[in-house]
Amino acid sequence: MIVRFGYVSMSVIVENASPSKTMTATHFQKIPDREAAIRKLERIAEQNLHNTLRLLKHNRAHDIHMYRFSSKLIPLLTHDILRTWDPFPTLKPAFKAVGDYVKEHKMRVSFHPDHFTVFSTPREEVLKNSIYDLEQHVNMLEAMELDARAKCNIHIGGTYGNKEESLQRFLKQFGALPTRIKQRMTLENDDKTFTSRETLTACEACNVPMVLDIHHHWVNDGGDDMTALWPSIVQTWKEEEIPPKIHVSSPKNEKNPRSHADFVEVTFLLAFLRAIAPSTERLDVMIEAKKKDEALFKLMSDLEGMEGVETLDQSTIRIG
DNA sequence: ACCTGTCAAGTCTGG
DNA sequence: CCAGACTTGACAGGT
């Protein structure tokens with residue numbers, strides 16, 4: 001099995017390269033000239049996209065083939081006070097430059113809209129905002145001219161005191177999304193609400209791939225063994241041109257088992273990789289650690305020399 | 001240069 | 001019905 005590692009959003013190594021600079025809504029509203037305020041937002045977005053490109057070049061220099069974009073590339077994009085704003089004409093060249101670089105170097109990229117995007121919600125307003133948020137993420141991928149291999153990953157959402165009803169509501173509301181969006185979606189198991197098995201069921205019903213988060217599974221396993229679920233999870237990727245993806249992070253400490261530690265504990269991950277290696281050809285592993293790319297390099301160094309682990313480049317191993 | 005409270009959004013818990 | 005926790009990078013306003 002060939003395993004590639006990636007990291008999320010920002011680098012702790014490249015300095016002054018935030019892809020998530022922003023402006024508060026309060027500050028925006030204090031600027032008397034709205035047109036000037038909007039130009040300022042667009043300038044921040046251009047800087048975020050420029051820094052994203054710098055990060056991709058950093059990734060390229062270190063053989064990192066997988067990366068998750070910040071969801072905050074365009075400040076206040078889906079805020080109520082900016083519903084009539086269309087920044088895409090202005091930002092098109094910057095988005096295209098990012099997309100061109102991704103394609104030129106055959107990188108795997110994604111978004112992870114945050115937990116305000118919830119399709120299990122019973123609230124009309126929240127559903128409306130969730131759809132709008134996803135649309136805007138897809139608009140960004142389309143502005144980069146990336147095809148449906150570039151995904152948006154979300155969770156199923158809250159349970160509202162009735163998990164079965166909430167799941168049914170999710171299936172109905174998520175299922176109603178247009179193909180343009182749904183073809184780019186993946187679903188991830190949650191650390192509090194929907195377990196791996198429940199998320200898998202939803203993925204099968206909606207015909208979208210499942211991203212297994214092995215840390216979330218560890219704190220919310222629903223009595224299931226993730227190795228036993230793995231063959232079915234792999235099946236949700238069978239129509240895709242990209243390998244299955246998992247998320248990995250390690251508990252911060254015993255008191256905060258759900259929080260993310262600075263680095264990734266190699267033992268837990270390696271045990272899972274060894275277990276699935278015989279039945280899996282390729283796997284992409286997204287590292288969700290506080291130390292971002294530094295955690296990736298530390299993990300690679302920890303894996304170096306482990307039995308049955310062969311290093312192929314700075315972010316890729318062969319195992320089993 | 002550095003520190004501290006605050007920030008768009010949702011959900012859950014506890015009072 | 002409302003406040004606070006959750007969690008997180010960065011702002012905003014201060015020294």
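Numbered from 1 within each chain, the chains take letters A, B, ... in sequence-line order. Worth knowing before you read on, the calculation uses all heavy atoms, side chains too, and leaves out hydrogens, waters and symmetry mates.
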Given [options], identify the nucleotide with an atom nearest to the side chain of [X].
| X | options | result |
| --- | --- | --- |
| A25(A) | dA8(B), dG10(B), dG13(C) | dA8(B) |
| V126(A) | dT7(C), dA12(C), dT11(B) | dT11(B) |
| H79(A) | dT8(C), dC12(B), dA8(B) | dA8(B) |
| R123(A) | dT7(C), dA10(C), dT11(B) | dT11(B) |
| L76(A) | dA8(B), dG10(B), dG13(C) | dA8(B) |
| T78(A) | dA8(B), dT8(C), dT7(C) | dA8(B) |
| K292(A) | dA9(B), dG9(C), dT11(B) | dG9(C) |

Heavy atoms under 4.0 Å, any strand shown: does [X] hit a base, just sugar-phosphate, or nothing?
| X | answer |
| --- | --- |
| K21(A) | sugar-phosphate |
| S18(A) | sugar-phosphate |
| K252(A) | nothing |
| T159(A) | sugar-phosphate |

Sorted by position of nearest nucleotide on DNA chain C, 5' first, the leading residue of N256(A) and H27(A) is N256(A)
Near-parallel close stack of F116(A) and dG10(B) base (under 5.5 Å, under 30°) | no
Rounded to whole Å, how long is the line connecting atom [atom1] of [X] with atom [atom2] of [N]?
| X | N | atom1 | atom2 | value |
| --- | --- | --- | --- | --- |
| N220(A) | dT11(B) | CG | C1' | 15 Å |
| N253(A) | dT7(C) | CG | P | 11 Å |
| Q136(A) | dA8(B) | CD | P | 19 Å |
| L73(A) | dA10(C) | CG | P | 12 Å |
| H115(A) | dG9(C) | NE2 | P | 14 Å |
| I44(A) | dA8(B) | CD1 | P | 13 Å |
| I31(A) | dC11(C) | CD1 | C1' | 13 Å |
| D114(A) | dG10(B) | CG | P | 10 Å |

N-O pairing of R43(A) and E46(A) below 4.0 Å = no
Considering only NZ, NE, NH1 and NH2 on the basic side and carboxylate oxygens on the acidic side, decide whether K92(A) and E145(A) come within less than 4.0 Å.
-> yes
Given the [atom1] atoms of [N] and [M], what is the spacing between them in whole Å?
| N | M | atom1 | value |
| --- | --- | --- | --- |
| dG9(C) | dT11(B) | P | 23 Å |
| dT6(B) | dG4(C) | P | 11 Å |
| dG14(B) | dT7(C) | P | 16 Å |
| dA8(B) | dA12(C) | P | 9 Å |

Scan every strand shown for a Watson-Crick or G-U wobble partner of [N], both distances under 3.5 Å, and answer none if you come up empty.
| N | value |
| --- | --- |
| dA9(B) | none |
| dG14(C) | dC2(B) |
| dT8(C) | none |

Looking at [X] versus [Y], is the centre-to-centre ring distance below 6.0 Å?
| X | Y | answer |
| --- | --- | --- |
| H216(A) | H247(A) | no |
| H155(A) | H112(A) | yes |
| H62(A) | F297(A) | yes |
| Y7(A) | F5(A) | no |

Test side chain to side chain contact (heavy atoms under 4.5 Å, CB included) applied to M10(A) and S20(A), S18(A), P19(A), the passing residue = P19(A)
Is the distance from OP1 or OP2 of [N] to the nearest side-chain N or O of [X] less than 4.0 Å?
| X | N | result |
| --- | --- | --- |
| T121(A) | dT11(B) | yes |
| Y160(A) | dC12(B) | no |
| T26(A) | dC7(B) | no |
| S20(A) | dG9(C) | no |
| K163(A) | dC12(B) | no |
| K290(A) | dT8(C) | yes |

side-chain contact (heavy atoms from CB on, under 4.5 Å) assessment of L177(A) paired with F119(A) | CA-CA 10 Å; L177(A) 285 170; F119(A) 281 86; 4.0 Å; yes
